[in-house]
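What follows is a single structure, written as structure tokens, with notes after it.
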Number of protein chains: 2
Amino acid sequence: MERQVPIDFVDERLNKGLARTGLRFTAQRRHIYSKLLEKGDHPSADEVFMRAKSDMPDLSMATVYNTLDTLVKCGLVRQVNHERGPTRYCSNMEKHHHFHCTTCNGVFDIRSDPESGEPEIHMPPGFEVLQFEILFRGICPECAAKQAAEANA
Amino acid sequence: MERQVPIDFVDERLNKGLARTGLRFTAQRRHIYSKLLEKGDHPSADEVFMRAKSDMPDLSMATVYNTLDTLVKCGLVRQVNHERGPTRYCSNMEKHHHFHCTTCNGVFDIRSDPESGEPEIHMPPGFEVLQFEILFRGICPECAAKQAAEANA
DNA sequence: GTCAAGACTTGGAATAAGTCTAAATATCAG
DNA sequence: CTGATATTTAGACTTATTCCAAGTCTTGAC
């Protein structure tokens, strides 16, 4: 299940992401990010902490939370919240969707078909979809109006 | 913003829902459910508590949590979790999707076009969509296999 | 109607997840 | 190398939710 992620790849991505936002490159950020990429699953902050701590024993939980937030801000990681419970993190930034198993609570990536430009979904075999929901994110009319008013002030 | 919800309507729905699962009709369940229907928004448990408590001062927070879970089980209410933060509740059970405003954190219902059978989405004017995600729920291959094995045992 | 059995509600204690704070440490530009 | 600033850390704190045990209400049987 473990993926070998070349450290240069981690460094390059991380550097780019951090540079974009003027943040610093640190050993902790590199370590946590590489742990996320290594196993491309959807761990909670707690799971990230345990995985990362085994190789970096002085790491603190606060740093894990800080770093995860940082990675999200840098656009290197997505937050995933589909249910009551701890936030999970997803290091796959390719356009994709999620499948949430209501039995084991697992989260699986479902990629949009990369061939076609269309948002065609290719559900991998074995997944039984009982329900789906589309979640839009953006700016609501009221907030958009406020922002427009401020811009004109 | 308040909707007048005829109490008979509340009672009928609630009765049906509870009957399906063998649960009892109580004053608290009726009260909380009618509060949810009255203002068709997406309140957190805490907000529900405050709204409901004003008319029913002895109501406890524990009952609000219990009742919300009960209503979810009865299929009268949906849980909504799109971000880190308290769970929200949605009493609109018609097929629809959600828009999450990243500025004010508000949640808005986006209905699937009811005319066409197609999952065509009609985004109301003023909403600026920056991103969207499809969330599937169901059973993953591993859990499905386990269930099948158990069924054959 | 009365009663027992079980369902429901309640307040408060307990837990889990995440945030905040202030001091120590690391990084970077010059 | 040094100062300015960003980052990390441990632990206290807050918030959201769950658990628990005692009391109350509902219901069906008589």
Side-chain angles (χ1 to χ4, degrees), chain A residues 11 14-35 42-53 55-74 76-77 79-89 105 107, chain B residues 11 14-15 17-35 42-74 76-77 79-89 105 107:
Chain A
D11 284 4
L14 185 51
N15 255 323
K16 268 193 200 151
L18 291 169
R20 226 179 296 136
T21 42
L23 300 168
R24 290 181 181 166
F25 188 98
T26 70
Q28 287 88 341
R29 286 174 179 169
R30 184 230 287 251
H31 185 61
I32 290 171
Y33 185 43
S34 79
K35 282 289 173 188
H42 302 82
S44 63
D46 214 64
E47 287 164 332
V48 173
F49 178 57
M50 289 190 298
R51 286 183 206 169
K53 181 136 181 140
D55 297 1
M56 188 183 254
D58 290 343
L59 186 70
S60 79
M61 192 69 212
T63 298
V64 171
Y65 277 110
N66 289 340
T67 299
L68 290 170
D69 283 353
T70 299
L71 294 174
V72 169
K73 271 190 215 124
C74 292
L76 296 171
V77 161
Q79 266 181 326
V80 174
N81 275 100
H82 294 333
E83 21 135 28
R84 185 133 69 192
T87 296
R88 289 146 177 280
Y89 296 86
N105 259 325
V107 176
Chain B
D11 284 4
L14 184 53
N15 255 324
L18 291 168
R20 229 178 294 137
T21 43
L23 299 167
R24 289 182 180 166
F25 188 99
T26 70
Q28 287 89 340
R29 287 175 178 169
R30 184 230 285 253
H31 185 61
I32 289 171
Y33 185 43
S34 79
K35 283 288 171 187
H42 302 82
S44 63
D46 213 66
E47 287 164 332
V48 173
F49 179 56
M50 289 189 300
R51 286 183 205 167
K53 182 136 183 138
S54 69
D55 297 1
M56 189 183 255
D58 290 343
L59 186 69
S60 78
M61 192 67 210
T63 298
V64 171
Y65 276 108
N66 289 339
T67 300
L68 290 170
D69 283 354
T70 300
L71 294 174
V72 170
K73 270 189 215 125
C74 292
L76 296 172
V77 162
Q79 266 180 327
V80 174
N81 275 100
H82 294 333
E83 22 136 29
R84 186 133 69 191
T87 296
R88 289 146 178 282
Y89 296 85
N105 259 324
V107 176

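Throughout, protein chains are lettered first and strands after them, A, B, ... in sequence-line order, and every chain is numbered starting at 1.
For the pair A/Leu23 CG and C/dC28 P, the interatomic distance rounds to 12 Å; values are reported in whole Å. For the pair A/Asn66 CG and C/dA24 C1', the interatomic distance rounds to 15 Å; values are reported in whole Å. The separation between B/Arg30 atom CZ and C/dT9 atom C1' is 17 Å, rounded to whole Å. Rounding to whole angstrom units, CG of residue B/Asp46 and C1' of D/dT17 are separated by 11 Å. In this structure, the CD atom of A/Glu83 is 12 Å from the P atom of D/dT18, given to the nearest Å. To the nearest angstrom, C1' of C/dG18 lies 16 Å from CD of A/Glu47. Put simply, CE on B/Met56 is 8 Å from P on C/dT10, counting in whole angstrom units. A straight line from CE of B/Met50 to P of D/dA16 spans 10 Å, rounded to a whole angstrom.
Residue contacts shown for A/Ser44 are absent, as no nucleic acid heavy atom lies under 4.0 Å away. A/Asp58 comes within contact range of the sugar-phosphate backbone alone, with a heavy-atom separation under 4.0 Å but no base atom that close. Residue B/Thr63 is in base contact, counting any heavy-atom pair closer than 4.0 Å across all strands shown.
Phosphate contact (OP1/OP2 of D/dC25, side-chain N/O of B/Gln28, threshold under 4.0 Å): absent. Applying the 4.0 Å criterion to OP1 and OP2 of C/dC8, one finds that B/Arg29 has a side-chain N or O inside that range. Dashed line: the shortest gap from a side-chain N or O of B/Thr26 to OP1 or OP2 of C/dT9 is under 4.0 Å.
With hydrogens and angles ignored, no donor-acceptor pair under 3.5 angstrom links the side chain of B/Arg24 to the base of D/dT27.
Annotation: of the two residues near DNA chain D, A/Arg84 and A/Ala27, the 5′-most nearest-nucleotide partner is A/Ala27. Summary of the strand contacts: A/Phe25 and A/Tyr65 both lie near DNA chain C, and taking for each the nucleotide with the nearest heavy atom, the more 5' one is attributed to A/Tyr65.
No donor-acceptor pair under 3.5 Å is formed between the side chain of A/His82 and the backbone N or O of B/Asn81.
Checking C/dC20, C/dG12, C/dG18 against every side-chain atom of A/Ala62, the shortest atom distance belongs to C/dC20.
In this structure, A/Asp58 does not pair ionically with A/Lys53, as no charged nitrogen and carboxylate oxygen lie closer than 4.0 Å. Look at A/Lys35 and A/Glu47 and you find no salt bridge, because none of the NZ, NE, NH1 or NH2 atoms lies under 4.0 Å from a carboxylate O.
A/Thr70 and A/Thr67 share no side-chain donor-acceptor pair at under 3.5 Å.
Residues B/Arg24 and B/Arg29 approach most closely at O-NH1, 2.8 Å, considering heavy atoms.
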